[in-house]
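See structure below.
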Amino acid sequence: MAHTEPGAEGSPSWAEGRNGSPRIRITKVDWQRQKNGTAHHTHEFPGPILVARRGQPFEMTVFFSRALDSEETLIMTVETGPQASEDLGTKAVFQTLEPGEDPAWTAVQEIQTETTMTVSLISPPNAVIGHYRLSARPSSRRKQNNKKLGEFILLFNPWCPEDDVFLASEEERQEYVLNDSGVIFRGVEKHIQAQGWNYGQFEEDILDICLSILDRNPSHQDDPATDVSRRHDPIYVTRVISAMVNSNNDRGVVQGQWQGKYGGGTSPLHWQGSVAILQKWFKGRYKPVKYGQCWVFAGVMCTVLRCLGIATRVVSNFNSAHDTDRNLSVDKYVDSYGRTLDDLTEDSMWNFHVWNESWFARKDLGPSYNGWQVLDATPQEESEGIFRCGPASVTAIREGDVHLAHDGPFVFAEVNADYITWLWHDDESHERVYSDPRKIGRCISTKAVGSNSRVDITGLYKYPEGSRKERQVYRKAVRKLFSVETRGRRDRVRRAGGRGLWREDLLEPATKPSVTGKFKLLEPPVLGHDLSLALCLTNLTTRSQKVRVNLSGATILYTRRPVAEILRESHSVQLGPEGEENIPIKIPYSQYKEDLTEDKKILLAAMCFITKGEKLLVEKDITLEDFITIKVLGPATVGMAVTVQVMVVNPLSEIVEDCVLMVEGSGLLQGQLSIDVPTLEPQEKASVQFDITPSRSGPRQLQVDLVSPHFPDIKGFVIIHVAEAK
């Protein structure tokens with residue numbers, strides 16, 4: 001995507017002289033791109049155009065054909081967007097001055113020689129971001145037109161204390177603005193896995209594509225001048241991006257698909273980064289890219305917001321609620337085998353859900369809500385008629401202030417809804433069943449600053465589960481959402497399928513039964529192997545108890561939507577006083593392999609019917625493990641080839657052919673590398689080697705994805721520390 005840059009170094013721009021005086025012309029403009037890029041932390045953006053951050057000066061030198069008269073200065077004009085105007089804040093006219101404290105656009109004359117003037121341009125810390133056009137004329141030439149000097153791009157500035165996106169920590173700025181790779185945590189609460197992701201915000205064309213996303217939003221199509229004028233505000237910009245990263249309501253970037261069928265597109269699990277997605281969207285003339293799921297939406301949104309200069313991170317919430325009916329509880333209806341009744345259950349709980357947090361001030365809410373803001377581009381529910389979510393203050397979520405903008409109730413429910421299970425009987429009656437009351441919002445995770453380790457940030461979203469403070473906040477959220485006191489007054493709320501329940505009846509957890517249960521893995525759950533588990537039941541009383549157990553198992557998507565049943569059996573167990581019994585469970589690979597999805601997940605459920613009518617539901621989510629090893633065979637240096645070795649394991653007891661390695665990494669190789677893998681013998685390792693030639697120094701992430709028609713993808717990544725060439 002080439003830029004036309006009138007007035008760039010070596011490109012003359014002309015200014016006519018007065019009658020009777022020598023004609024003056026601007027012969028050259030030096031944008032000092034390298035110096036400014038380093039000072040503004042934008043030097044990694046490729047291309048000829050200067051990229052600057054608002055609220056911070058950048059220098060340029062203007063060359064003239066003769067000296068300016070003593071009384072002459074330069075009058076400069078900056079403009080952005082169509083129909084630029086000073087009233088809208090998208091145009092400014094100013095002249096070179098001595099240094100001052102003017103908060104508006106200014107140009108300070110730094111150095112002047114006979115035929116040059118070095119000017120320091122300073123934008124206000126709340127300037128509109130985007131493409132700018134710069135023109136100028138001598139102050140004595142009032143009747144002449146401005147002459148174009150060129151273009152530059154202005155971004156948000158987390159280094160500027162007066163900018164709403166200011167972030168005080170340099171380590172965090174390096175991580176959340178400049179790091180072009182990272183990890184996204186997926187899996188289940190008890191088995192969290194890290195997936196590498198190439199954000200690639202400094203790759204060719206990505207900055208222009210990110211700015212074009214803003215220009216494709218419906219508000220810009222309807223009223224471009226007003227839309228551009230609002231791009232000074234990170235609240236507005238992030239809300240637009242949240243809507244535009246998904247394709248619902250507009251021709252946004254990524255089309256979602258959660259049914260396990262990805263014909264005509266790419267499986268969400270095959271993407272290794274944002275670059276290929278953004279480039280495909282742009283080159284395809286803004287046709288949505290197929291397909292994405294939550295981590296893909298979050299990865300793309302992180303790329304866009306880091307690119308625009310807003311500190312952003314990816315956050316994973318395990319056991320994440322989707323509260324469809326907005327009552328701060330997730331209601332699940334099951335049959336006598338613990339199987340979810342999809343036709344009755346509108347709410348859901350995903351194994352994990354991934355969103356973003358961005359750091360900026362909330363002038364609309366007050367300073368106590370500054371800091372991390374939840375943003376979610378996954379199209380789950382509409383917000384003001386559009387599929388988007390946020391920004392919702394993390395502090396507001398923790399304190400139960402769900403009445404504040406934007407989308408607080410939905411985010412609060414994702415991390416702190418009460419999880420309520422109902423046993424549905426054949427006569428269409430239903431009763432509450434005991435299950436884990438602290439199930440929602442576990443192990444909320446993000447990547448550590450400066451390393452790929454996992455940081456648990458659950459405490460930022462809620463007080464300790466089950467604590468008095470957490471219950472107080474939950475009640476506060478219910479009061480604010482329904483605008484009624486929950487004690488002494490009953491307020492009936494809409495339930496799934498028209499079933500109504502009293503809100504105050506749900507504020508306390510169900511009575512804990514006299515028997516506890518848990519599933520225990522007897523062997524690691526490995527892809528291609530049989531599953532070996534036991535259901536462990538414990539009698540908490542001093543009397544014998546009989547328990548009837550209905551077991552079920554199903555392959556599932558990560559949204560916990562069942563795909564195919566792989567287990568159903570019943571057992572009766574006699575528990576002695578304070579006694580324990582184990583029910584062994586064996587699921588052969590042959591029994592689940594045909595129905596296993598790319599998520600590699602299985603859900604087991606045990607509905608336990610205990611003496612005296614007590615009922616207990618025990619569940620376990622299992623993610624099957626796989627293995628891949630990546631080694632760099634030698635030192636990595638910019639411009640020099642280095643060999644990478646990948647060891648892959650065939651997880652099956654059969655010969656596997658037609659496997660391909662997909663390799664990607666910003667600053668390590670151009671685009672994506674595809675490598676055929678030799679035939680894999682049953683349960684054997686194979687080695688694949690290839691060369692990469694790094695183009696940028698520093699820690700770089702290489703992602704490797706083993707794609708096979710015979711088993712789900714096997715992924716891995718490695719950090720490569722690249723040295724500068726000597």
Side-chain angles (χ1 to χ4, degrees), residues 2-15 24-65 67-68 72-80 92 94-100 102 104-125 127 129-138 146-160 163 173 177-178 201-202 204 207-208 211 307-309 696-697 724:
H3 290 282
T4 305
E5 191 180 0
E9 187 169 353
S11 301
S13 181
W14 302 89
I24 185 172
R25 65 187 184 194
I26 298 173
T27 59
K28 186 168 64 170
V29 177
D30 179 3
W31 289 87
Q32 301 187 29
R33 187 179 177 279
Q34 187 61 44
K35 176 182 177 182
N36 290 321
T38 301
H40 286 247
H41 309 277
T42 60
H43 58 282
E44 289 202 68
F45 285 112
I49 195 168
L50 172 66
V51 181
R53 298 190 188 275
R54 66 185 191 177
Q56 181 176 340
F58 63 89
E59 290 187 358
M60 58 184 293
T61 302
V62 183
F63 294 77
F64 302 99
S65 59
L68 287 171
E72 285 183 311
T73 61
L74 277 182
I75 294 180
M76 295 185 162
T77 302
V78 291
E79 300 173 282
T80 183
F94 50 97
Q95 63 181 337
T96 51
L97 303 167
E98 295 299 318
D102 193 334
W105 281 91
T106 57
V108 176
Q109 180 179 313
E110 299 288 351
I111 304 171
Q112 183 167 3
T113 68
E114 186 174 342
T115 57
T116 69
M117 179 188 292
T118 299
V119 177
S120 180
L121 262 66
I122 308 169
S123 61
I129 62 137
H131 280 279
Y132 274 84
R133 305 173 295 279
L134 177 64
S135 57
R137 63 177 173 83
N146 284 355
K147 300 302 177 180
K148 294 178 181 179
L149 302 185
E151 297 180 0
F152 62 94
I153 293 173
L154 197 67
L155 303 179
F156 290 105
N157 192 354
W159 284 264
C160 175
D163 195 317
R173 292 190 295 245
V177 182
L178 300 182
Q201 66 266 37
F202 300 112
E204 194 75 37
L207 175 55
D208 278 341
L211 291 170
C307 190
L308 298 180
R696 301 208 302 274
S697 62
E724 289 281 7

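Predicted model only: the values in this text are computed from it and were never measured.
Counting only distance, with no hydrogens or angles, the side chain of Ser135 and the backbone of Asn146 share no donor-acceptor pair below 3.5 Å. Side-chain atoms of Gln201 come within 3.5 Å of backbone atoms of Val177 as a donor-acceptor pair (strictly under, hydrogens ignored). The backbone N or O of Leu178 sits nowhere less than 3.5 Å from a side-chain atom of Arg173 that would complete a donor-acceptor pair. Judged by distance alone, the side chain of Ser123 and the main-chain N or O of Gly55 form a donor-acceptor pair under 3.5 Å.
Between Ala67 and Thr115 the shortest heavy-atom distance is N-CG2, 4.4 Å. The shortest heavy-atom contact between Leu74 and Ala136 is CD2-CB, 4.4 Å. Nearest heavy atom pair, residue Cys307 against residue Leu155, reads O-CD1, 3.4 Å. The shortest heavy-atom contact between Pro158 and Gly309 is CG-O, 3.0 Å. When all heavy atoms of Pro57 and Ile122 are compared, the closest pair comes out as CB-CG1, 3.6 Å. The shortest heavy-atom contact between Val119 and Ala107 is CG1-CB, 3.5 Å.
Each of Asn36, Leu50, Leu134 was scored for a side chain to side chain contact (heavy atoms under 4.5 Å, CB included) with Met60, with one residue passing: Leu134. Shown are Gln56, Arg54, His40; of these, the side chain to side chain donor-acceptor pair (under 3.5 Å) with Asn157 is made only by Gln56.
In this structure His41 satisfies the ring-ring contact (aromatic ring centres under 6.0 Å, His included) test together with Trp159, sequence neighbours excluded.
Put simply, CZ on Arg53 and CG on Leu308 are 10.0 Å apart, with the number rounded to the nearest 0.5 Å. Separating the OG1 atom in Thr77 from the CD atom in Gln95 is a distance of 11.0 Å, to the nearest 0.5 Å. In this structure, the separation between CD1 on Ile129 and OG1 on Thr80 is 9.0 Å, given to the nearest 0.5 Å. Atom-to-atom distance recorded for Thr113:OG1 and Phe63:CZ is 8.0 Å, nearest 0.5 angstrom. Taking OG1 of Thr73 as the reference point, atom CE of Met117 lies at 7.0 Å (rounded to 0.5 Å). Gln112 contributes atom CD, which lies 11.5 Å from atom OG1 of Thr61 (distance to the nearest 0.5 angstrom).
Note on ring orientation: taking the six-membered ring where Trp is involved, the planes of Trp31 and Phe58 are parallel (angle under 30°, cut-offs 30° and 60°). Between Trp105 and Phe94, the ring planes lie parallel to each other; the angle is under 30°, not in the 30° to 60° tilted range.
The side-chain heavy atoms of Val78 and Leu154, taken from C-beta on, include no pair separated by under 4.5 Å. By the 4.5 Å heavy-atom criterion applied to side chains, Ile26 and Lys147 are not counted as neighbours. In this structure, the side chains of Asp208 and Ile153 come closer than 4.5 Å at one or more pairs of heavy atoms. In this structure the side chain of Tyr132 never reaches within 4.5 angstrom of the side chain of Leu121, judged on heavy atoms.
Side-chain contact, Thr118 with Glu59: no donor N or O sits under 3.5 Å from an acceptor N or O.
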